[in-house]
Amino acid sequence: MAVVAPILSSNPLHLLPSSFDPPYELIHSHPSLALLSKCRSLDTFKQIHSQFIKFGLHNTQFALSKLVEFCAVSPHGDLPYAVSIFNSIHNPNHVIYNMMIRGYSLSSTPSLSLHYYVNMLLSGLEPNSYTFPFLLKSCTRLPTADTGKQVHGQVLKFGLVDDVYAHTSLINMYAQHGDLDDARMMFDKSDYRDAVSFTALITGYASRGYVDEARELFDSIPIRDVVSWNAMIAGYAQTGRFDVALSLFHEMRKQRVSPNVSTMLSILSACAQRGDMETGGVVRSWIEEHGHGSNLKLLNAMIDMYAKCGDPDMARSLFDSIQEKDLVSWNVMIGGYAHASKYKEALQVFRLLLLNNVEPNDVTFLNVIPACAHLGALDLGKWIHTYVKKHYSEFPNEALWTSLINMYAKCGDIVAAKQIFRGVQRKSLACWNAMISGLGMHGDAAGAIDLFTEMANEGMKPDDITFVGVLSVCCHAGLVDLGREFFNTMIRDHGISPRLQHYGCMVDLLARAGQLEEAMSMVGTMEQEPDGAIWGSILGGCRLHKNVELGEYAAKILYSLEPGNPGNYVALSNIYAGAGRWDEVAKIRTYLNDAGLKKVPGSTSIEVDSVVHEFLVSDRTHPRSEEVYRMAEEVEEAVRVAGHVTDTSEVYYDVDREWKEGVVSEHSERLAIAYGLISTKAGTTLRIVKNLRVCGNCHAATKIISKIYNREIIARDRSRFHHFKDGRCSCMDYW
DNA sequence: GTAGGGTTAG
């Protein structure tokens, strides 16, 4: 008795029969229970569990339900452990069954909730008003609404359909499965509507793109809370209506509803897309005020926002300040640089990522590959191709192949582009488009047009981008009749209304061919306002075909469209020069000098041993500059000896060059080629990328260089490729 | 004693 007495006094529950639930207060005040509510790990939980056993608490349904709740529901819990406790319980009550159902509704196997529901019925218990919200949560997470519909029958059977919680859960279940009509019917039937039931339906509409329906509901909610606002804002952001998303955000603030992290993530994405750095700044202050400065998701979204709003330096400093970067941080930074046309920086960050032993993924590559394409960084592109083949051949991301096709084409390796294209099993429209425009860039008109036919034969319907591809092929090759035919087919047979780019190709094609009247009448039929490129084509055509009057007209329009672009003045001055109107030429030159208008300087890059070297006009900053200039002079002399006479007429007419670009032998492409000649083995193909169009003299000289130095030179300029070999160019001197 | 709407960034 002496041994038993202290136990009895300290543990009055120990001797109670297991089926008996003692008074609430007795258990609720037990210290072990307080421990459980503070428990944050499974190890601690196990200690608490043994205390429960020691004190006999485990014989009470209340205590057991608390144990099961922790294991099944808490993020620190463990569902299998909950199962083992559950299995040790003789007659689990409602709460315990409900907790198991709830636990599975949060698990990766929500269907097992059903198992507990069925057993609950078999044990003779009826579901109560708590059961269906949990069970329907599981149904919401199942792939189809079938089970949910059966559960709906159960809700009716047990007379709980008017219960607010069960009812809202049903609305949500139907809404999440896209059965919006059923969800709507349930919603309309209920006579108790609040922010939660409204929002369940709104989310259903918004997440499936029915933003306007969602908005109508949203506007009729009696009380909106932050979740309702978020659902609406996210709906607009995901359907590309970023302006509306942003204005809703400002409205929400005006109505003094506090945003939360979800709001801010949607808003940052909208800011990024709309270039709204001001609202982005509001978000930044909010993050700092609310102590979310270390929320990585928010920080990554901020980096993305700054980069896409045109401040990649701010993005970078934020990126550098993050200690624990994840892959998304790297991807947004790389993508941010690429978006800001800072391709070299994008590749630098990519190299840094590899140096930090971070494993890239497909998103990384979808950002890096276009950067390689822009820079003509073929070696890095090839390395990525090898990596992609190794890692993604089993789970191919089709966009990756398309991106690689585009990269190879833009880096001048059209053979490799074709190889990938032929290897792609199920070719998407984007894939066909990439190959067609790739062939187009390389001047392979026949190849591109064959592919267009092949595509049609395979039942793939061309879109507006496909037609930009084929029309630009016709433009590069001077195929006027075919171009006209494609243009008409596009409108007539495919119902595609021409966009600026289509008109751009056609006007350029016609203007070059000297069909200035037809070109002008096409401009007249345009629905949209013709842009600078179109008037530029007219002006270029006037220069080629010596039409002063129309040239003056086009130039005047261009002056107002592009006031800062000296190229238009230069082009008109060339037309005047061709007509011998030297006084006009002089006037323009004086104007340009007075206005201080500067043309974008020519720059050419060349990749040698995976490093991209960039040369500007008369550039002397390269470490091997002296050797480069010596080689450039040698080349110039060799070209002269080979019989090339610098086209003095062009130099004479081209005020621009005299004025800005200096001597032809210091053009950036000459420097890049000279560098290529001194830094690669004899016979190696040189691949160069120029930011402007190649000039006539450099084109002629490069043909000769390809012959006397026995090098294939593949040059990409602003609009297309030139393959120089044995003294000829693939463009047949038409460009 | 347990409950309904949101898993977020590229």
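Letters go in sequence order (proteins before strands), and every chain restarts at 1.
- Atom pair A:Y192:OH and B:dA3:C1' shows a separation of 13 Å (rounding to whole Å applied).
- Counting non-hydrogen atoms under 4.0 angstrom, A:D304 reaches the backbone sugars and phosphates but no base.
- The shortest side-chain heavy-atom distance between A:V226 and A:S258 does not fall under the 4.5 Å cut-off.
- Counting any heavy atom pair closer than 4.0 Å across all strands shown, A:N260 reaches a base atom.
- Taking atom CZ of A:F242 as the reference point, atom P of B:dA9 lies 12 Å away to the nearest angstrom.
- Below the 3.5 angstrom threshold, one finds a donor paired with an acceptor across the side chain of A:N128 and the base of B:dT2.
- At whole-Å resolution of the value, NE2 in A:H177 and P in B:dG5 are 13 Å apart.
- The side chain of A:V164 lies closest to B:dG4, out of B:dG6, B:dG4, B:dT2.
- With hydrogens and angles ignored, no donor-acceptor pair under 3.5 angstrom links the side chain of A:D194 to the base of B:dG5.
- The A:V328 side chain lies nearest to B:dG10 when the options are B:dG5, B:dG10, B:dG4.
- Counting atom types as modelled, A:N367 pairs no side-chain N or O with a base atom of B:dG10 as donor and acceptor under 3.5 Å.
- An OP1 or OP2 oxygen of B:dT7 is reached within less than 4.0 angstrom by no side-chain nitrogen or oxygen of A:K297.
- Below 30°, between 30° and 60°, or above 60°: for A:Y116 and A:Y104 the angle between ring planes is below 30°, a parallel geometry.
- Judged by distance alone with a 3.5 Å cut-off, a donor-acceptor contact links the side chain of A:N361 to the base of B:dG10.
- Inspection of the A:N260 and A:N230 side chains reveals an N or O donor paired with an N or O acceptor under 3.5 Å.
- Base contact: A:S129 has a heavy atom under 4.0 Å from a base atom.
- Residue A:Q176 has a polar side-chain atom (N or O) positioned under 4.0 Å from OP1 or OP2 of B:dG6.
- The nearest whole Å value for the distance from the OH atom in A:Y130 to the P atom in B:dT2 is 6 Å.
- Contacts of A:S228 with the nucleic acid, taken as non-hydrogen atoms under 4.0 Å apart, include base atoms.
- In the interface, the side chain of A:S169 is not paired with the base of B:dG4 through any donor and acceptor atom under 3.5 Å apart.
- The CG-P distance, from A:L170 to B:dG5, rounds to 12 Å in whole Å.
- Of all nucleotides listed (B:dT2, B:dT8, B:dA9), B:dA9 comes nearest to the side chain of A:N300.
- Checking the phosphate oxygens (OP1, OP2) of B:dG5, a side-chain nitrogen or oxygen of A:N172 falls inside 4.0 Å.
- A:H49 and A:F45 have tilted rings, their planes meeting at an angle from 30° to 60° on a 0 to 90° scale.
- Looking at the side chain of A:P133, the nearest of the listed nucleotides B:dG6, B:dG10, B:dG4 is B:dG4.
- Side-chain contact between A:S220 and A:F198 is present, with at least one heavy-atom pair separated by less than 4.5 Å.
- Within 4.0 Å of A:V332, counting heavy atoms only, lie sugar-phosphate atoms of the nucleic acid but no base atom.
- Atom pair A:I101:CD1 and B:dG4:P shows a separation of 13 Å (rounding to whole Å applied).
- Nearest nucleotide to the side chain of A:A200, out of B:dA3, B:dG5, B:dT8: B:dG5.
- Residues A:F319 and A:S329 are in side-chain contact: their nearest non-hydrogen atoms beyond the backbone lie under 4.5 Å apart.
- Looking at heavy-atom distances under 4.0 Å, A:A175 makes no contact with the nucleic acid at all.
- The aromatic ring of A:Y165 does not sit over the base of B:dG4, since the test of centres under 5.5 Å and planes under 30° is not met.
- Note: CG (A:L160) to C1' (B:dG4) measures 13 Å, nearest angstrom.
- Taking the six-membered ring where tryptophan is involved, the planes of A:F132 and A:Y117 are tilted, since the angle between them lies from 30° to 60°.
- Checking B:dG10, B:dT2, B:dG5 against every side-chain atom of A:M99, the shortest atom distance belongs to B:dT2.
- At the heavy-atom level, A:F134 lies under 4.0 Å from base atoms of the strands shown.
- For the pair A:Y117 OH and B:dA3 P, the computed distance is 19 Å after rounding to whole Å.
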